[in-house]
Peer 1: 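Just dropping this structure here.
Only heavy atoms go into these numbers, but all of them, side chains included; no hydrogens, no water, no symmetry mates. For ligands, and for the atoms within them, numbers begin at 1 and follow the listed sequence.
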Amino acid sequence: MTTEMKTTDPAAAALLPVAKREGIETVWDRHKAMQPQCGFGQLGVCCRICWKGPCRIDPFDDGPKRGICGADAHTIVARNVIRMIAAGAAGHSEHGRHIALALLEVAEGKLPAYQIRDEAKLIAVAGKLGIATEAREILEIAHDIATVSLNDFRNQDTATPCAWTKATLTEKRMEKLAALGVLPHNIDAVITQIMGRTLVGCDAEPANLILGGIKGALADYDGMSLATDLSDILFGTPAPVVTAANLGVLKEEAVNIAVHGHNPLLSEVVCDVALQMNEAAKQAGAKEGINIVGVCCTGNEVMVRHGIPLAANYLSQEMVLVTGAVDAMVVDVQCIMPAVSEIAGCYHTELITTMDENKISGARHVSFREATATEDARQIITLAIDAFRRRDAKRVTIPDVQQTAIVGFSTEAIVAALSLLDAEQPLKPLLDNVVNGNIRGIALFAGCNSTRTPQDNSFVTMAKALAKNNVLLLATGCGAGAFAKHGMMTQEATLAYAGDGLKAVLTAVGEAAGLNGPLPLVLHMGSCVDNSRAVSVAVAVANALGVDLDALPLVASAPEAMSEKAVAIGSWSVALGIPTHLGTMPQVLGSSTVTELLTETAKDLFGGYFLVETDPEEAAQKLLAVIDEKRRGLGI
Ligand code: BF8
Ligand code: SF4
């Protein structure tokens, strides 16, 4: 694999010459133009926190060792990284708040476009949060759930931890986090505190800063946990569904609408309303009606819940437009490259922003409100149909590349599949197979794509190496997108790449589930906020074994991480006791103290720690060694 290689995604690669011919600049062109990138920034030693700066510490030669205020490299690096965590936590928890507020209004009978679609999940969530359900109306229970969730943004009693964190972790983990003083009591307060303590002239002790960051990361966990479960209540809990991934899911004969971003509140209604407007699309000449496809995590949300095909993960979002076949790209929040505006402008494509706090120059803005969701979705789809009429067939290039993907493995779906083997104790088959070594360990792949590595390559390389060694693979976010596009969420992939033990287990469960073959090699759990699903599987396993999370042969990996949200997720993963691999260089290496805190000290405090390895083959071997160490610890 040459460092020159941009992507291992054949569909994206097929469109690179088209982009070139059309004079369209891509993320890879801009990456190249950005070289060489700033070494100070890469090491995390550049500070712009006040206007006496920017200051930068010279880590090698005899340049300045302190900023103008006297902050050293350790303080600067620690402040920078925890501000990233705060931003990530803000993103995920804003998403969670949005859903919680919607649930509250649904409970008050105010939002006609939404309903409680999963009452069983609602009852289960109420049980988890200690909310009474006996002889109560569903909407009343929903109201309580929304109120308890929103209280995680309101509580001022620092001795009372956030409800969702408390409800979803092991008792031992709660005790450990409480003893370290890192349990969040209020998501907003914790994020605010990070911003406050990192102002010029505040917290200057690296370890104290990092612990503050860990608290922020746990606030991120809390926000995403409630985002996931409340979304399930409103839109349904994912169950296995067969769909497809990659640019070949676009259709020449359809009005193609790409939903992109993160929050399912809008995309769900777009999917619903599209069904009603199919005829209008056909009348406009689209023989196949409306075709909704997903990009990034909005894509994952509708993919795992409804089997909507996924067109692209993060790094190839521009290529979706370069097909010339997209009539509207509808975006909400997060991970939308501003570049899509210019590319949409090269075609007939309507780029539609929908959230008032997330606009892009050159895009059309349709202000989305839950109260008028149906009308808003209708307006958006009408714009797409109008754009379809303007589509230039000569400029359409849809690569004939797509892979089948069996997706939708929520915790509930996994437990349901396992219960076909043992109805009384559904987790037992999983535990037995971990103990007997058929399953050597479990790896959760999460996180983004980055131009620092050939797109998707690290995910696929690592997954093959781990599967061969009988590691059960879970995935979320753009990692899941990568696996879906590369055919790793198929039964064929299990047959081709799984070691004998893993193959036997996946086959036993798959056969019991009536799939006439194994489960797919990688289980798609959903979007990035759905990382909380992987925690709930891990907590169930830990509780069944009577151990804490850090004892499990469980690892996480973000081989192509880039977003501040990934920094937040990685940090709570460490705090929960999970050894967490990063395949891109984190911007902390300018401080030996911070690096040691995150890779060594964390191990003593939490049992989890960061492990950095940019070579995917090496990384897989290192994770196998970690898994074996954990197995020895359990005496298995
Ligand atoms: O939340 S994996 S590039 S799309 S940040 Fe973004 Fe990263 Fe993708 Fe989803 Ni997650
Ligand atoms: Fe420089 Fe200190 Fe200001 Fe940072 S806070 S820019 S190190 S003077």
Peer 1: Pairs of nitrogen or oxygen atoms closer than 3.5 Å, one from H262 and one from ligand 1: do any exist?
Peer 2: yes

Peer 1: Closer than 4.0 angstrom, basic N to acidic O: yes or no for R305 and D232?
Peer 2: yes

Peer 1: Counting only pairs under 3.5 Å, give me each side-chain donor-acceptor contact of residues 43-64, with atom names and distances, residues two or more places apart or in other chains.
Peer 2:
{"from": "D58", "atom 1": "OD1", "to": "F60", "atom 2": "N", "distance (Å)": "2.9"}
{"from": "D58", "atom 1": "OD1", "to": "D61", "atom 2": "N", "distance (Å)": "3.0"}
{"from": "D58", "atom 1": "OD2", "to": "G63", "atom 2": "N", "distance (Å)": "3.3"}

Peer 1: With sequence neighbours excluded, tell me which residues meet side chain to side chain contact (heavy atoms under 4.5 Å, CB included) with L101.
Peer 2: R97, L150

Peer 1: Using a cut-off of 2.8 Å, find all protein N, O or S atoms closer to atom 7 (Fe) of ligand 1 than that distance.
Peer 2: C448 SG

Peer 1: If you measure from the Lys or Arg side-chain nitrogens to the Asp or Glu carboxylate oxygens, is any gap between K121 and D229 under 4.0 Å?
Peer 2: yes

Peer 1: Could you tell me whether the side chains of Q317 and H260 share a donor-acceptor contact shorter than 3.5 Å?
Peer 2: yes

Peer 1: Is the closest side-chain heavy-atom distance between T168 and V539 below 4.5 Å?
Peer 2: no

Peer 1: Taking the side chain as every heavy atom from C-beta outward, state whether L521 and T490 have any atom pair closer than 4.5 Å.
Peer 2: no

Peer 1: Using a 4.5 Å cut-off on heavy atoms from C-beta on, say whether the side chain of V27 contacts that of Y314.
Peer 2: no

Peer 1: For atom 3 (Fe) of ligand 2, check which protein N, O or S atoms are under 2.8 Å away and list them.
Peer 2: C50 SG

Peer 1: Which of these, L523, L466, L554, L473, sits in a side-chain contact (heavy atoms from CB on, under 4.5 Å) with I442?
Peer 2: L554

Peer 1: Which atoms of ligand 2 have any heavy atom of R79 under 4.0 Å away?
Peer 2: 4 (Fe), 5 (S)

Peer 1: Could you tell me if the side chain of M329 sits less than 4.5 Å from the side chain of L321, heavy atoms only?
Peer 2: yes

